[in-house]
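Input: a single structure, listed below in structure tokens.
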4 protein chains.
Amino acid sequence: MTEKRHIDPERAATRRRQVLDAAATCFRRSGFHGASMSEISKAAGMSAGHIYNYFASKDAIIAAFVEDNVARVMELIGNIESQADPLQAIVDDVETSVRNNIDPEHWALPLEIFAESSRNPVIAALSQDADRRTRARFRALLKAGREKYGLAVDDNTLDGRMETVISLFQGLQLRALHNPGLPIPGMIDSFRIALKALLFN
Amino acid sequence: MTEKRHIDPERAATRRRQVLDAAATCFRRSGFHGASMSEISKAAGMSAGHIYNYFASKDAIIAAFVEDNVARVMELIGNIESQADPLQAIVDDVETSVRNNIDPEHWALPLEIFAESSRNPVIAALSQDADRRTRARFRALLKAGREKYGLAVDDNTLDGRMETVISLFQGLQLRALHNPGLPIPGMIDSFRIALKALLFN
Amino acid sequence: MTEKRHIDPERAATRRRQVLDAAATCFRRSGFHGASMSEISKAAGMSAGHIYNYFASKDAIIAAFVEDNVARVMELIGNIESQADPLQAIVDDVETSVRNNIDPEHWALPLEIFAESSRNPVIAALSQDADRRTRARFRALLKAGREKYGLAVDDNTLDGRMETVISLFQGLQLRALHNPGLPIPGMIDSFRIALKALLFN
Amino acid sequence: MTEKRHIDPERAATRRRQVLDAAATCFRRSGFHGASMSEISKAAGMSAGHIYNYFASKDAIIAAFVEDNVARVMELIGNIESQADPLQAIVDDVETSVRNNIDPEHWALPLEIFAESSRNPVIAALSQDADRRTRARFRALLKAGREKYGLAVDDNTLDGRMETVISLFQGLQLRALHNPGLPIPGMIDSFRIALKALLFN
DNA sequence: CATGAATGAGGATTCATTCAT
DNA sequence: GATGAATGAATCCTCATTCAT
């Protein structure tokens, strides 16, 4: 059980949100492990003990948090979907997306999540499930886009292209972590080349 | 100081290896943070205190893994360097390299290192330095390869291509973590396409 | 930070006192180094972890004793200051002050502080600062007292007399430790002689 | 039992001395508690394990060390005894003796010993016994000196004067610890005044 | 609903001591 | 005699969690 019954469900929802927002700040600053419940409770403006009325454990907060993060990625995909030519949009937006993924603000939390996945089976399952859902959506987008251009849309091609594009962007976050002096303009050019090749072949 | 002097260097090396092997198992199972020294000591078949005769700290153990990783990557680069046409070799070997990077045996520890880097400054510095060294070697290979084909070798192009290729492979490890059912053949094709585009343009 | 905020300051003060009293007992029995936090927590009737809600560290506990000591000495000086003829008062009170300084209840903790100061730089700094403050107060008293008698009050004389008088009393604590059978009446006589000579010359 | 039987007693004595000399260095540098057996063994040029063939425990080293220190004090008294007019010699040598006692080289070890006394009953007993012996010798010197001048030599007077003089010098060590900027010339004057008053009254 | 005082298990690390060689 | 590898108990401190109020 992840949450107690509450008299006023609306108030409870607000409280949960308060905690999750506070957790986001703390997790970004200190990591899942580094952020203590006391730190989170202070940021959430409520007592540490009270948080346990809304979340069964710290892990439950992390879990809710991971779930929350799916929404953010979905939104990104939504933005691309709404464009006239989604495939071309991906290529055209390459500068923005590269710059975004290099920003620590962007990768700190995803990295935190995958790190947690490696030692917390609950988070791992959650995280894989979240990935599955975003993949499904991205796959649909890719399929529609390629059909428009009369390109192959068999499973193998579609899934391979998709995973490779995602590799590129998730790998980019790792690069930002390892090489603080990333050659941004050069990478934008290269990403454009790789994306064109992957999406339009 | 990273290690005490030992009278019998061979025995010491064996002991170090014992600890490292045990640690690898534990880190893979529980993560660097999650694995306690006592857990490691049990797996290594020696007392926790004694480990400190071979490693100055828990950090020093993961540091050893960082170095191990450098050696592994350097060897890979060395293999490519020794080929007649390195650029083409990268493309030709894509099946092997994709399969290797997908193997959990391969990425579990590197990912653990990434994760630790994101919050442990000592490991971060070590890890960035390791990255710098492998980058330098890969860059030289890439430069020589491109010169042979009369392709651009200005800094921007060279560094951008290089970082993008690395993104691809490091991202692949993340994909393997998030999606256990990766479409391997499809990815091999897609990786080949992306690599060709990146290396020969 | 030396202490967390507490909602009920009175209760907190009681708890702090509990810890301090328990610590005093343990420190007297086993020394600062020898007394473990767990030993203190048992004596204080609370968990070891909880002590850290009142004191930031074990050092912070001994720091509290340093301050306590300052207060005690300041009070003594205050008592002398309020007398009509402070210099004469010191000589007249010699019996009481010798007896007090010989009492283990009095010197056990100060001696523990000295000992800790000799190898713990934090405590050393604290302790030196405490000494500076009490010295300043005693010096003023001494100056005023000597001026009344038309005696020399140049820095050299004043500081020399002061430090020598303090040596006498602090040394007395060491003597009590080393020689449990101190010849109290004889020492009172001798202290009177030495103090007269030091204060009125 | 403090020591094993040894085939060659002379060699054993040398070894013991090696350890004690090394210990002196280490204790001064790091304190009794701070100096590890490994540190001492390195300084003594023999293995940690081997030390246990000469001393039953670390405490036994400390004990032997305390015993050793008595000799040093005895020597000081011996120097005074050999003078024509010992009482006057004490007063005349005041500059040297004050300067010596202020030197950290002098008080570091005694302070270490008394600190240890407060938590180690064996050392406490040893230390008190050492004090008793040096006191006896100093008392004899004082008695002879005072008889020469026809001064009172009843127990009360004699012991009181003696303990007070010792207080003065042992207190001086504490002052040096607490006040690094001790007014040395002023203290020499004051010590002379106090000593004259104590010895010749 | 809300607090924060209190717990206690668990973490890394150190070090005196033992013992096989 | 001599070594140093090996042990394991003990240390301070942190923090998720519980619960009386």
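Chain A is the first sequence line, chain B the second, and so forth, proteins listed ahead of strands; every chain is numbered from 1.
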All N/O donor-acceptor pairs, side-chain side in residues 21-28 of chain D, below 3.5 Å, sequence neighbours left out:
residue: D:D21; atom: OD1; partner: D:R17; partner atom: NH1; Å: 3.1
residue: D:T25; atom: OG1; partner: D:D21; partner atom: O; Å: 3.3
residue: D:R28; atom: NH1; partner: D:E105; partner atom: O; Å: 3.0

Residues 31-38 of chain A side chain polar contacts: donor-acceptor under 3.5 Å, at least two apart:
residue: A:S36; atom: OG; partner: A:E39; partner atom: N; Å: 3.1
residue: A:S38; atom: OG; partner: A:K42; partner atom: NZ; Å: 3.4

Handout entry: Protein-to-nucleotide contact annotation, 5' to 3' order, nucleotides 5-14 of chain E [B base; S sugar-phosphate only; - none; under 4.0 Å, heavy atom]
Key = SBBB--SSBB
Handout entry: Base-pair map of DNA chain F as dot-bracket, where | denotes pairing with a different strand and pairs are Watson-Crick or G-U under 3.5 Å
Key = .||||||||||||||||||||
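In this structure, the side chain of D:R16 engages the main chain of D:Y54 through a donor-acceptor pair within 3.5 Å. Listed for the D:E116 side chain is no donor-acceptor partner under 3.5 Å among the backbone atoms of D:L111. Formation of a donor-acceptor pair under 3.5 Å by the C:H6 side chain with backbone atoms of C:N53 is found in this model.
Taking the side-chain contact (heavy atoms from CB on, under 4.5 Å) definition, one finds that B:A48 meets it with B:S41, sequence neighbours left out. Under the side-chain contact (heavy atoms from CB on, under 4.5 Å) criterion, A:S117 pairs with A:I113, A:I123, A:A124, A:S127, not counting sequence neighbours.
Whole-Å rounding puts the A:I61 CD1 to F:dT17 C1' distance at 12 Å. Rounded to whole Å, the distance from CD1 on D:I40 to P on F:dG4 is 17 Å.
Residues A:I62 and A:D59 form a side-chain contact, since some pair of their non-hydrogen atoms from C-beta on lies under 4.5 Å apart.
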